[in-house]
Amino acid sequence: MLVCATVLRDIARHAEQAVPNECCGLLIGTGTGIESVHPARNLRQSPTRYLVDPADHFAAIKASRQAGLVVVGAYHSHPTSSAWPSQTDEQEARNADFLYLIVSVVTGETRGFRLVEGRLQAVPLQVTRDC
Ligand SMILES: [Zn+2]
C-alpha cells in the first residue's frame, strides 16, 4: 500500500495533539494508495481505546466522494505503546476492506494492518513523496 509522506506527517501531528489520549481518523485514497486523512473525534477520549465519531466517518465518506476518492481505512495512535494492534484493536476491527494504520507516539513508527480471519495482519507500507 502506497502512503503519501504528508499523510504520515498529518497523522503524527494529530497523535501529538491528542496526547495523553489516542487520536483517530479516516484514511482517504484509492485501492492502491492513501492520499489524505480526515481527522475524527475519539468518542472514547481514552489513552488506550478509540471510537471514531460516526458523524466524522460520514463526513469523510462525503468529502472523499466529492474528490473522486474513497475511505480506505482508519488510523489511530498509541500514546504509550508500540505501533502493534492491542487485543482491543483486534476485537473491535470489523472491516475486512479497511487498512488499519497505527502510529506510536513513543517510537514514531507507523504500521498498517488488515483484518484476515479475525486477526490484524501487517501490511507493508511504501512511503511516497510524489503525491
Ligand atoms: Zn490501538
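All values derive from a computational prediction rather than experimental measurement. Counting convention: from 1, in listed order, for ligands and their atoms alike.
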Is the backbone N or O of Arg41 less than 3.5 Å from a side-chain atom of Asp56, with the two atoms forming a donor-acceptor pair by type? yes
Which value, rounded to the nearest 0.5 Å, describes the distance between Leu26 atom CG and Tyr75 atom OH? 8.0 Å
Should the ring pair Phe98 and His57 be called parallel, tilted or perpendicular, given that the plane angle runs from 0 to 90° and is split at 30 and 60? tilted
Protein-derived N, O or S atoms lying less than 2.8 Å from the Zn ion (ligand 1), waters not counted, sum to 4
Look at the side chain of Ser104 and the backbone N and O of Ser81, then say whether any donor-acceptor pair between them is shorter than 3.5 Å. yes
For a side-chain contact (heavy atoms from CB on, under 4.5 Å) with His76, tell me which candidate from Val103, Val52, Asp89, Asn42 qualifies. Asp89
Please indicate whether Gln91 has more than 12 foreign heavy atoms, meaning atoms of other residues, nucleotides or ligands, lying under 6.0 Å from its CD. yes
